[in-house]
Structure formats: C-alpha cells, structure tokens
Amino acid sequence: MDTIKTVVYDILKNAIHAAIAAGELSIAEVPDIPFSPTKTPEHGDIATPIALGLAKQARMAPRNIAEKIVARIDLDSHPAISKIDIAGAGFINIHFSDEWLYDTLRTIAATQSVYGTCDKGAGKHLQVEFVSANPTGPLNIVSGRAAAVGDTLVNLLNAIGYKAIREYYVNDAGGQVEKLGESIDVRYRQALGEEDLEIPEGGYQGEYLQEFAQTIVEAEGDTYLQLGTDERVSHFRDTGIAHILAQQKTALERFGVNFDVWSSEKAIRDSGKPEETLELFREKEYLYEAEGATWFRMTDFGDDKDCVVIRSNGEYTYFVPDTAYHRDKFDRGFTTVIDLLGPDHQGHITRLKNFVKALGMPDDWLEMSIIQQVNLVNAEGERLDMSKRRGQFFTLDLLIDELAEAVGEQFAVDVARYFFLMRANNSHLDFNMELAITHASENPVFYIQYAHARCCSIFEQGNEQGIAPKPIDEVSLKRLTEPIEYELIRKLADFPSVVLLSAEAREAHRIPHYLHELAGIFHPYYNQHRVLDTSDMEKTDARLILVQSVQTVLKNGLTLLGISAPTSM
RNA sequence: GCGCCUAUAGCUCAAUUGGAUAGAGCAACGGACUUCUAAUCCGUAGGUUGCAGGUUCGAUUCCUGCUAGGCGUGCCA
C-alpha cells in the first residue's frame with residue numbers, strides 16, 4: 001500500500017529521467033514528485049501534478065510534458081498499475097489494479113491493531129508537555145481540551161514510531177502558590193469564625209478552597225492557629241498544592257489521560273539549575289543590571305523589549321526556572337520537545353524560544369503551539385466566564401458530570417474528547433453544552449461509534465446463523481464488485497497516511513474527520529447492501545472480510561483518540 | 001502603538017500544506033423500517049472563501065494594504 005506509492009514514485013522518476021536522456025525534456029533538476037489521493041475515482045487512485053510543476057523549467061505545455069513522461073512508462077511490467085492517463089491541465093492520474101485493493105485488505109487482516117502505524121520516527125525520543133495547569137484550582141475546560149489534544153498527539157507520535165512521553169509541569173513554586181497558601185489561610189480562619197477577612201489581591205476566590213478549609217477544620221480543628229502566620233501559610237500552601245494536584249490527577253484519569261512524568265518547578269529550583277542557567281547567560285553576556293533588576297537582552301534576539309529575569313526584590317521571574325526546566329529536558333536527551341500552551345501564553349512562545357536559543361539548542365528542537373480557548377456556550381448562546389481568579393469557572397469534572405447525566409459516564413468522556421479533538425488547535429472552540437446533551441443522537445462521535453457497533457452486530461448475527469468469517473486466503477475477494485465497496489477500500493487504504501501526516505503536522509483533528517468520512521461510507525453501504533446472504537456464501541465471505549477491515553480501522557482510529565469502540569449501542 | 005491568531009453555506013467547521021467541479025455535520029424541505037441495530041439511509045436546497053490589489057499555468061492556501069473579532073504586549077505564572 002504505502003509501498004505501492006514508492007513503486008509509483010520510482011516509475012515516474014525513471015520515466016522523467018528517461019525522457020530527459022532521450023532529449024525530450026530539458027530539465028536540469030528533477031524535483032520531488034508530489035502525490036495526492038484523488039477526489040473522485042475517475043481520476044484514478046493517486047495523482048500527481050508534476051508535469052504542471054515542470055512546465056516553466058522545461059518551457060513546454062504541461063500536457064505535453066505529461067505525455068512525454070507517460071510514454072516512457074511500460075505498463076506491462078508493472079502489474080500493480082492498471083492504467084495511467086492524463087487529465088485536466090496535465091495531471092497524471094494513476095489507476096491501481098484490483099490486486100492493490102486486495103492487498104489493502106490483506107494488510108489490514110495481517111496487521112490488525114497495528115494497521116495504520118509505521119516506524120518512520122524510530123529511534124527518536126519526543127516529549128509532549130501539556131496541561132501544566134497551576135496547582136491552584138481544579139482543571140478547567142481549556143485544560144480538558146489540552147489534555148485530549150496532548151494525549152492524542154502522543155498516541156499519534158508513537159503510532160509513527162517515535163518514543164513519545166506525556167509530561168506535566170507542576171508550577172509548585174513562586175508567587176501563585178504563595179497566594180494559594182494565603183487564600184487557604186483566609187478560608188481556614190473564616191471557617192473558624194473569624195470575620196472581616198478578605199482573600200488577598202490576586203488570590204483564589206473559588207468555593208473549592210472553602211470546602212478544603214472546612215475539611216481541615218473538621219479533621220484538625222483550630223490547631224494551626226497556634227502557628228505563626230508565615231508558618232501557617234506555608235503549611236497550607238504545601239497541603240493545598242498536594243490536595244489540588246491529587247484532584248487534577250483524578251480528573252485527568254477519569255478523562256483517560258495518564259501522564260508518564262510529573263515534573264516539579266520546586267524540584268527544578270532546588271536543583272540549582274536556575275543558577276546554572278543564569279550563569280551560562282552571564283558568561284555569554286546576555287545579562288545586565290538596571291533599575292535594581294537583572295535583565296536579559298531579548299532585543300539581541302529580535303524582540304522589541306528586554307526581559308527581567310531577576311526582580312528587584314531578588315526573586316526570579318517565571319522564565320528562569322522555566323528555561324532551566326527546558327535545559328533539563330534537553331539534557332534528558334529528547335530529540336524534539338513539544339509544548340502545548342494555554343491561550344494566554346502567546347507572549348511566551350517567542351521569549352522562551354529565544355531563551356532556549358541562547359542556551360545553544362537547535363531552533364527546531366522546541367515546538368510550541370497554543371491550544372486556543374474554549375467557550376462554553378449555554379442554550380441561549382451566552383458564554384460562561386472561565387477565569388480562575390474570579391472563582392467562577394466551569395471545570396472539566398463538571399463538564400463530564402453534565403454530559404454523563406445525559407449519555408452515561410463512558411460516552412460522556414468519549415463525547416468530550418471528540419468535541420475537543422475535532423477542531424484545529426489554533427481555532428477557538430465553542431462547546432455547546434445544550435447541543436451535546438439534548439442532541440446526543442446527532443453527535444458525530446455516536447455516528448462513528450455506531451458504525452463500529454454495526455460491524456460487530458453483523459458478526460454477532462452471523463454467529464447466530466452459523467456464519468463465521470473465513471481466513472482471508474480462503475476468500476474470493478473478487479466478489480467485492482460494488483463501486484461503494486471500492487470506495488470503502490480506498491478509504492481504508494488512506495488510513496496510514498492520514499495517521500502519518502496528522503502526526504507530522506501535529507494536527508490531531510484530522511483523525512476525527514477521517515473516521516467520520518469512513519463511517520459516512522460504511523453506513524450507506526450497510527443500508528444498500530446486505531452482508532449476510534446465505535444464498536451467496538462466496539459474496540458473504542468477501543463482504544465479511546471488508547466489514548472486518550472497516551471495524552479494525554474504526555477501532556484503531558478511535559483508540560488513537562482515546563475514545564471507546566462499543567460493540568453495541 | 002507593536003506582535004500573534006482568526007475570518008469559508010443560515011450555524012459550527014473541513015479542504016492531504018499551491019492543484020482538477022471548495023466539502024461534511026447541524027438547522028430547512030421531501031421521502032425510506034415484516035430483511036445484518038432507523039443513533040441509519042436516499043433526495044432537494046444552500047458559496048463573489050471578509051474587502052481591494054499582487055505573485056503564476058493555477059490561490060481558500062503565498063505576499064501587500066485595508067476591515068472586523070480574539071489574545072498577547074508586567075519586576076504575574
């Protein structure tokens with residue numbers, strides 16, 4: 001299958017060179033030959049616009065070039081190709097023989113759960129860091145989107161042969177968590193009856209801290225009042241981080257996302273790496289003192305402003321431990337590191353990349369992209385505010401709770417993951433709760449899952465009638481003669497390249513779209529053509545092979561997305 | 001002010017990275033269950049790809065300038 005592409009590639013390349021050698025084409029350099037799947041079967045199975053691309057260099061009409069190339073191909077010596085023709089402005093359309101279709105089915109049957117994977121990325125270690133929410137509150141919906149996207153991205157990368165891991169960076173040091181400690185302290189004292197206390201500026205207002213403080217009071221009473229304020233706040237900070245982190249982990253596990261590594265900012269700070277990093281910058285003369293602070297010459301890297309790294313109060317800004325953390329990632333030997341950031345971190349991308357560049361790491365070592373915001377929309381189309389600081393937000397857990405009420409726990413996770421994954425990372429996502437709940441039956445994820453369930457149902461039905469699928473070698477695949485069967489197999493054959501391109505582009509949303517298209521061919525097929533037909537067992541056997549293949553690809557695709565493939569619905 | 005992202009059917013989004021007639025779902029309208037699950041299918045309708053230029057065989061895609069929206073631009077993280 002994919003091998004047939006390389007075969008075709010070589011055939012065309014040789015033909016072009018032969019034409020040049022014969023003096024029919026004057027081309028100095030033969031560019032890479034692009035292929036694309038065709039939109040309609042009339043255009044063959046794959047097509048290339050190479051003749052169009054060569055037109056200028058060869059000073060010849062594209063159709064003429066195509067003719068010269070095609071004339072140099074001896075079809076008889078290539079049984080995999082049934083026909084090559086020239087169409088439109090000069091497209092070369094390649095039609096595969098039926099044997100290619102059968103090979104697709106044989107490959108799926110032979111490879112099963114690993115169909116779609118490849119080893120292109122073998123030997124390379126990748127790390128994807130995502131979610132990395134502050135341990136100051138429950139995960140919100142944007143974190144849910146990041147979790148779904150990051151998790152799937154790692155699945156995709158591993159599917160094409162990389163060794164990729166999931167990492168979560170816990171910001172358990174710095175100003176934010178100090179505010180957390182102070183906020184819990186206020187809630188604690190309020191729970192013990194103190195009045196006239198306010199959550200400090202920049203603190204956390206959410207009810208979850210009131211609940212947490214209440215559990216402390218219930219378990220341990222007022223014992224902490226004996227401590228000094230600083231001591232108490234730092235105690236609450238530490239227990240608060242642990243408590244919230246545990247909640248976040250639980251929410252992620254419920255969502256089917258399990259991180260391989262949890263990194264701690266505090267651990268980075270304690271390791272001395274921030275100092276080492278600053279020392280490296282100092283040696284390279286990237287630092288200077290001004291206005292009581294220490295600055296990094298970001299302008300040397302094309303930015304319009306320099307950037308404070310040590311504040312006048314002596315504390316590091318966020319960038320110091322973060323840069324040290326990335327240096328740590330580099331030392332751990334990752335070939336490439338991918339950071340998925342929240343929508344309010346755009347300013348980070350260029351700056352952190354510059355810091356990393358200043359450390360001497362290759363430009364393309366660090367990839368950063370933004371997971372855009374999610375707007376939760378209610379029935380009236382109003383947007384809910386999800387700011388953590390104002391304590392008014394919609395958590396990932398709450399989202400799944402609400403969905404689960406309508407469709408059950410497993411489907412709730414499936415639906416949420418699918419919705420988060422179906423859009424490109426950099427486009428905003430309107431998550432319409434009402435639609436997801438009240439119109440659950442029209443949800444695209446059910447459409448795909450239903451297709452899978454239907455496949456399973458056919459086998460179950462066959463089982464009752466004593467019809468079992470035969471090994472593919474014993475089946476006459478020639479009995480697959482319907483155009484829609486041809487279309488289905490073509491679609492199945494696309495799967496590996498969809499996975500590959502999706503992983504390489506870091507665009508997980510292509511998988512949901514692909515699966516939806518596949519289901520969109522299978523459902524009509526199911527309606528129009530009966531699979532189990534005791535009057536024609538040979539045809540039945542062939543169709544069972546096809547259904548098995550569809551089932552396998554649907555399941556493999558859904559698994560990449562972390563979505564279940566139910567056997568019945 | 002500067003920077004990043006976005007603008008495609010009434011709505012939400014695709015378009016294999018510059019290719020052939022721009023595709024799906026929802027919403028609308030008309031049909032199909034005594035046959036492997038109707039969470040399905042068949043059909044109809046829906047477009048000056050925000051606007052104006054440019055690059056070339058060819059532009060939703062690349063460049064320039066506008067317009068509109070989102071975000072960023074802290075000695076917060």
Side-chain angles (χ1 to χ4, degrees), chain A residues 34-40 42-43 47-49 52-53 55-56 61-62 87-91 93 132 134 136 171 173-177 179 202 265 291-295 303-305 307-319 321-322 342-350 370 372-373 375 377 381 422-424 426-430 432 435 439-444 446-447 449-451 453-462 464-465 467 494 497-498 501-502 505 507 509-510 513-514 516-517 519-520 522-533 540 543 547 568-569:
Chain A
F35 286 107
S36 57
T38 55
K39 285 176 187 161
T40 145
E42 292 161 33
H43 292 154
T48 175
L52 301 163
K56 194 170 195 179
F91 291 93
N93 294 332
S132 299
N134 288 332
T136 51
N171 297 115
Q176 304 270 333
V177 290
K179 293 288 182 199
E265 178 181 347
E291 301 166 44
T294 303
W295 298 70
D303 212 323
D304 56 353
K305 273 177 214 161
C307 179
V308 170
V309 287
I310 304 176
R311 291 187 259 164
S312 50
N313 68 4
E315 286 176 24
Y316 296 147
T317 59
Y318 165 84
F319 291 106
D322 205 34
D344 52 345
H345 284 62
Q346 276 160 16
H348 263 33
I349 295 185
T350 48
I370 297 286
Q372 267 299 353
Q373 69 187 76
N375 296 311
V377 182
M422 66 196 291
R423 303 285 175 249
N426 57 3
S427 48
H428 294 207
L429 175 66
D430 278 341
N432 188 329
L435 191 77
H439 297 284
S441 65
E442 287 142 15
N443 199 310
F446 293 125
Y447 184 79
Q449 289 180 315
Y450 188 46
R454 273 185 152 172
C455 292
C456 297
S457 165
I458 290 171
F459 293 116
E460 199 172 316
Q461 190 70 28
E464 283 172 21
Q465 297 173 28
I467 303 170
D494 279 347
S497 63
V498 171
L501 292 170
S502 173
E507 289 182 353
H509 73 279
R510 294 188 194 189
H513 283 282
Y514 169 83
H516 196 262
E517 285 167 8
F522 179 72
H523 282 306
Y525 176 62
Y526 179 94
N527 272 275
Q528 290 159 21
H529 302 285
R530 205 179 155 75
V531 174
L532 299 171
D533 177 4
T540 298
R543 288 185 172 176
V547 174
S568 69
M569 289 177 75

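Convention: sequence-line order gives letters A, B, ...; per-chain numbering from 1. All values derive from a computational prediction rather than experimental measurement.
Distances from the side chain of Q372(A) to the nucleotides C5(B), A77(B), C36(B) place C5(B) closest. In this structure, of U16(B), C41(B), A20(B), it is C41(B) that holds the atom nearest to the side chain of Q528(A).
For the P atoms, the distance from A38(B) to U34(B) is 11 Å, rounded to whole Å. Nucleotides A9(B) and C26(B), compared at atom C1', are 12 Å apart to the nearest Å. The same atom, C1', is picked in C11(B) and in A27(B); the two are 7 Å apart, to the nearest Å. A gap of 12 Å separates the P atoms of A15(B) and U6(B), to the nearest Å. For the C1' atoms, the distance from A24(B) to A14(B) is 7 Å, rounded to whole Å. Taking atom P on both nucleotides, C71(B) is separated from G10(B) by 26 Å, rounded to a whole Å. Comparing the C1' positions of G18(B) and C33(B) gives a spacing of 48 Å, expressed to the nearest Å. As rounded to the nearest Å, G50(B) and A59(B) have P atoms that lie 15 Å from one another.
The base-pairing partner of C71(B), taking Watson-Crick or G-U wobble contacts with both distances under 3.5 Å, is G3(B). U56(B) is unpaired under the Watson-Crick or G-U wobble criterion, no partner having all donor-acceptor distances under 3.5 Å. Base pairing analysis places G10(B) opposite C26(B); the two distances defining the Watson-Crick or G-U wobble pair are each below 3.5 Å. Pair assignment for G65(B): C51(B), on the basis of Watson-Crick or G-U wobble contacts that are both within less than 3.5 Å.
Note on R423(A): every side-chain N or O is 4.0 Å or more away from OP1 and OP2 of A14(B). Checking the phosphate oxygens (OP1, OP2) of A38(B), a side-chain nitrogen or oxygen of R454(A) falls inside 4.0 Å. Checking the phosphate oxygens (OP1, OP2) of A15(B), a side-chain nitrogen or oxygen of H509(A) falls inside 4.0 Å.
Residue contacts shown for E507(A) include a base, since a base heavy atom lies under 4.0 Å away. Within 4.0 Å (heavy atoms only), A293(A) reaches at least one base atom of the nucleic acid. Here A451(A) lies out of heavy-atom contact (under 4.0 Å) with every strand. If you check every strand for non-hydrogen atoms under 4.0 Å, E291(A) touches a base.
Considering only residues two or more places apart in sequence or on other chains, Y318(A) meets the side-chain contact (heavy atoms from CB on, under 4.5 Å) condition with N171(A), D322(A), H348(A).
The closest donor-acceptor contact from the side chain of T317(A) to the backbone of V308(A) lies under 3.5 Å. Side-chain atoms of S312(A) never come within 3.5 Å of backbone atoms of A293(A) as a donor-acceptor pair (strictly under, hydrogens ignored). Between the side chain of H516(A) and the backbone N or O of Y447(A) there is no donor-acceptor pair closer than 3.5 Å. A donor-acceptor pair under 3.5 Å is formed between the side chain of T540(A) and the backbone N or O of D533(A).
Using the six-membered ring where Trp is involved, H529(A) and Y525(A) have ring planes that are tilted, between 30° and 60° apart.
U17(B) adopts a syn glycosidic conformation, its chi angle falling within 90° of 0. Annotated as syn: C33(B), whose glycosidic dihedral is within 90° of 0.
Protein atom CD1 of I349(A) is 12 Å distant from nucleotide atom P of U73(B), rounded to whole Å. Atom CH2 of W295(A) is separated from atom P of C75(B) by 6 Å (rounded to the nearest Å). Per the geometry, NE2 belonging to H523(A) stands 17 Å off C1' belonging to A32(B), to the nearest Å. Put simply, CD on Q465(A) is 14 Å from P on U35(B), counting in whole angstrom units. For the pair F446(A) CZ and A24(B) P, the computed distance is 23 Å after rounding to whole Å. Computed from coordinates, the F91(A) CZ to G58(B) C1' distance equals 8 Å when rounded to whole Å. Remark: C1' of G72(B) and CG of D303(A) are 12 Å apart, rounded to the nearest angstrom. Between the NZ atom of K305(A) and the P atom of U73(B) there is a distance of 9 Å, rounded to whole Å.
In terms of position along RNA chain B, the nucleotide closest to N527(A) lies nearer the 5' end than the nucleotide closest to the other residue of the pair G174(A) and N527(A). If you find the closest nucleotide of RNA chain B to Q346(A) and to F35(A), the one lying nearer the 5' end belongs to F35(A).
The stacking criteria are not both satisfied for Y447(A) over the base of A39(B), which would need a centre-to-centre distance under 5.5 angstrom and an angle between ring planes under 30 degrees. In this pair, H516(A) does not lay its aromatic ring on the base of A24(B); centres under 5.5 Å and planes under 30 degrees do not both hold.
Here C456(A) contributes atom SG and M569(A) contributes atom CE; the two are 11.0 Å apart, rounded to the nearest 0.5 Å.
At a cut-off of 3.5 angstrom, counting only N and O atoms as typed in the model, there is a donor on one side and an acceptor on the other between the side-chain of S312(A) and the base of C75(B).
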